[in-house]
*Asks:* 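Take a look at the following structure, please.
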Amino acid sequence: MRLPLPQFDKSDRHPSHIAEVIETASTEFLAQCLEPDDLTFPSMPPFGSWVCAVDEESGNQVYAVVYHATTMPVDSVHRAVAMGMSLQDLREEQPQIFAMLKTEFRSAIVGFKQSSTVANGNGRMYQYLPPRPPQIHQAVYQCEPEVIVEFTQELEFLRTLLSINGAPVESLTAAAIREVYQLRKADREWLIKAGRTLSILLKDDYDRLRFILSQIHP
């Protein structure tokens, strides 16, 4: 039997609200995507995309980059098997399959924005780990483009991405830079600055630097 996440009327949900935190740690969080109203799979956020969640106790807005996503059965008993059918055929003949799968993603925390409502809060953005991560069952949103542009004025987040354990950090760093570059409307000056920052961070590892730069296409 399926045990779905608590769902609300989609009309009441912010369009950028895509998931809910189901596991949390100081450096990252795991989120489960909210299920769509129709017979489709939940929208999986792209590798290297930016998400955010609020720590309701402190009011801090926590920013993170998606580094792993997966779709799997909702329990350990059932296992997905090849059906040899198109998605449209599955919707018509095996609609229950969509109720047996869940989509989750892991995001590495790269910084936060301090709440302006707390004592001494000034609404500043910081590119280091917040005092605490978002808590269980907090909403996860896709970051608005203007927020990403503001956050990436500084580039210390690249150091965090390069130090993530258990992730293809070179490809992740390149993917995050590509997305920011597009959101900044091909700001070549920013891209050059990012390249210079990487060259400093990886000054003793030219092979890694070259591999990252080879995946960035201005």
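Only a predicted model underlies this, so the values are computations on that prediction, with no experimental measurement involved.
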*Asks:* Of all the heavy-atom pairs spanning Thr70 and Met72, show the shortest one and how long it is.
*Replies:*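 In terms of heavy atoms, the two residues are closest at CG2-CE, 3.1 Å.
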*Asks:* Going by side-chain contact (heavy atoms from CB on, under 4.5 Å), name the residues that satisfy it together with Thr160, two or more places apart in sequence or in a different chain.
*Replies:* Val110
*Asks:* Does atom CZ of Arg159 have more than 12 heavy-atom neighbours from other groups under 6.0 Å away?
*Replies:*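 For Arg159, atom CZ is not crowded (no more than 12 foreign heavy atoms under 6.0 Å).
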*Asks:* Given side chains that start at C-beta, do those of Thr24 and Leu30 come closer than 4.5 Å, heavy atoms only?
*Replies:*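 Thr24 vs Leu30: side chains apart.
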*Asks:* Flag the pair Ile109 / Phe29 as yes when at least one side-chain heavy-atom distance between them is below 4.5 Å, and no otherwise.
*Replies:* yes
*Asks:* I need the single residue from Val180, Leu158, Ile177, Val147 that forms a side-chain contact (heavy atoms from CB on, under 4.5 Å) with Thr152. Which is it?
*Replies:*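 Per the side-chain contact (heavy atoms from CB on, under 4.5 Å) rule, the option paired with Thr152 is Val180, out of Val180, Leu158, Ile177, Val147.
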*Asks:* Taking the six-membered ring for Trp, are Tyr128 and Phe112 closer than 6.0 Å centroid to centroid?
*Replies:*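 They qualify: ring centres under 6.0 Å apart.
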*Asks:* So which heavy atom on Ala108 is nearest to which on Glu28, and how close?
*Replies:* CA-CB, 4.2 Å
*Asks:* Could you check whether any side-chain heavy atom of Tyr63 comes within less than 4.5 Å of a side-chain heavy atom of Gln127, counting everything from C-beta outward?
*Replies:* no
*Asks:* Quick one: does Lys193's side chain get under 4.5 Å of Leu155's, heavy atoms only?
*Replies:*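 Touching, per the 4.5 Å side-chain cut-off.
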*Asks:* Can you tell me if Gln135 uses its side chain to pair, donor with acceptor, with the backbone of Pro133 under 3.5 Å?
*Replies:*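 Flag set: sc Gln135 to bb Pro133 pair under 3.5 Å.
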*Asks:* Check Arg106 with Glu23, please: is the shortest side-chain N to carboxylate O separation under 4.0 Å?
*Replies:*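 Between Arg106 and Glu23 there is a salt bridge, with a charged N closer than 4.0 Å to a carboxylate O.
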*Asks:* With Ser107, which of Val65, Val66, Val62 fulfils side-chain contact (heavy atoms from CB on, under 4.5 Å)?
*Replies:*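 Going through Val65, Val66, Val62 one by one, the side-chain contact (heavy atoms from CB on, under 4.5 Å) with Ser107 is satisfied by Val66 alone.
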